[in-house]
2 protein chains.
Amino acid sequence: MRIGQLAQLVGVETQTIRFYEQQGLLPPPDRQDNGYRVYTEKHGEGLAFIRRCRILGLSLAEIHELQSYQDDPHQPCTAVNALLDDHISHVRSQITALQALEKQLVSLRASCNDNREVEACGVLAGISEGNMHQQ
Amino acid sequence: MRIGQLAQLVGVETQTIRFYEQQGLLPPPDRQDNGYRVYTEKHGEGLAFIRRCRILGLSLAEIHELQSYQDDPHQPCTAVNALLDDHISHVRSQITALQALEKQLVSLRASCNDNREVEACGVLAGISEGNMHQQ
DNA sequence: TAAAACTATAAAGCTACTATAAGGTCAATA
DNA sequence: TATTGACCTTATAGTAGCTTTATAGTTTTA
């Protein structure tokens, strides 16, 4: 299987596959005589794992960490769970921050309507004067 | 006022001020004979405006856009409000996406406990097998 | 046979800074 | 006077996770 086929199979771009290889997330595949990469099913699984982790918002470093655990199958999986717990609390704090931001933006938006000149715009005034009561 | 004082006043690093100047967000200040930048109160206000916009999550491009509106004070401020509305819906969709992600992560986490070997880890299995029922 | 489609590498671009390097300026001190 | 320390200057590289571009070689198709 060549890189284009693998890319289509998993739904990524070929450059992304080369990038993951360069980053040490995908093992370097064998090469044909012409230098073309040849992939196996294992590579497909590895790539799919990476993509699912990315969809879950894990960083490449965290993915690397997970892979290192997989190389040690008889260790307890405490660290895996801890990694996920950390990530969950990270996501939760992002949500909290964005919700606070939304409130702020909505209240800023409420200070204006479309029938004004820029000079009298409540939004711009609100930003300029720092009426940004954050809590 | 020199760059260090301005930086301290607004609470940014001096490099950030130079960066904003280079990006066209802050007007180039006058220079002393020795080449040192000299800032006025206007610059302070401009910099504070930029920082407040950044706290609101606006990109430098959006800030640039807002500044261009400020240069035309007698235009209607429709575009300003539209920019904010767009940003609010952007923030809201981020929140929605993160909430869905959180659910996914929590359910994944629930599929394991700390008393297993990596080989039998419910989290790793969940990712590997793609049990990632997204809705 | 020639063009289209695929592969390769290397390097730059994206965002919004932050950090580092190498040096010039200025006031106070030894 | 020499030097130390704090400040300023520019230019360049690094961060994350790719994407884009440039340039070139290979294979497949028309």
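Not measured: the values here are computed from a predicted model.
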Linking I/L/V/M/F/W/Y whenever any side-chain heavy atoms sit under 4.5 Å apart, do A:V106 and B:V80 land together?
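Yes, it is one cluster - the side chains of A:V106 and B:V80 are joined through contacts under 4.5 Å.
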
B:Q22 or B:Q5, whichever maps to the more 5' nucleotide of DNA chain D
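Taking each residue's closest nucleotide, the earlier one in sequence belongs to B:Q5.
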
Name the residue closer to the 5' end of DNA chain D, choosing between B:Q15 and A:Q15 according to the nucleotide with the nearest heavy atom.
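Residue closer to the 5' terminus by nearest nucleotide: B:Q15.
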
Need one value for A:R18: base, sugar-phosphate or nothing, where a base atom within 4.0 Å counts as base even if backbone is also close, heavy atoms only.
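Base: the residue A:R18, judged by heavy atoms under 4.0 Å, touches a nucleobase.
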
According to a 3.5 Å limit on both distances, what stems of 3 or more consecutive Watson-Crick or G-U pairs are formed with DNA chain D?
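As far as DNA chain D goes, consecutive pairing (with distances under 3.5 Å) yields the stems C:1-30 with D:1-30.
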
Nearest to the side chain of [X] - [options]?
{"X": "B:S59", "options": "D:dC18, C:dA16, D:dT19", "value": "C:dA16"}
{"X": "A:R2", "options": "C:dG24, C:dT7, D:dC18", "value": "C:dT7"}
{"X": "A:I3", "options": "C:dC17, C:dT7, D:dT10", "value": "C:dT7"}

Are any of the side-chain nitrogens in B:R109 or B:D114 under 4.0 Å away from the carboxylate oxygens of its partner?
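So B:R109 pairs with B:D114 through a salt bridge.
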
Quick one: does A:I3's side chain get under 4.5 Å of A:Y36's, heavy atoms only?
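A:I3 vs A:Y36: side chains apart.
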
Of all heavy-atom pairs between A:L105 and B:L84, which one has the smallest distance, and what is that distance?
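Heavy atoms only, the tightest pair is O-CD2, 3.9 Å.
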
With distance as the sole criterion, do the side chain of A:Y20 and the base of D:dG17 form a donor-acceptor contact below 3.5 Å?
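Donor-acceptor pair under 3.5 Å: no.
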
Once you measure the plane-to-plane angle for A:H87 and A:H90, does it fall in the parallel (<30°), tilted (30-60°) or perpendicular (>60°) bin?
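Ring orientation of A:H87 relative to A:H90: tilted.
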
Just by distance, do the side chain of B:R51 and the backbone of B:V10 share a donor-acceptor pair under 3.5 Å?
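No.
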
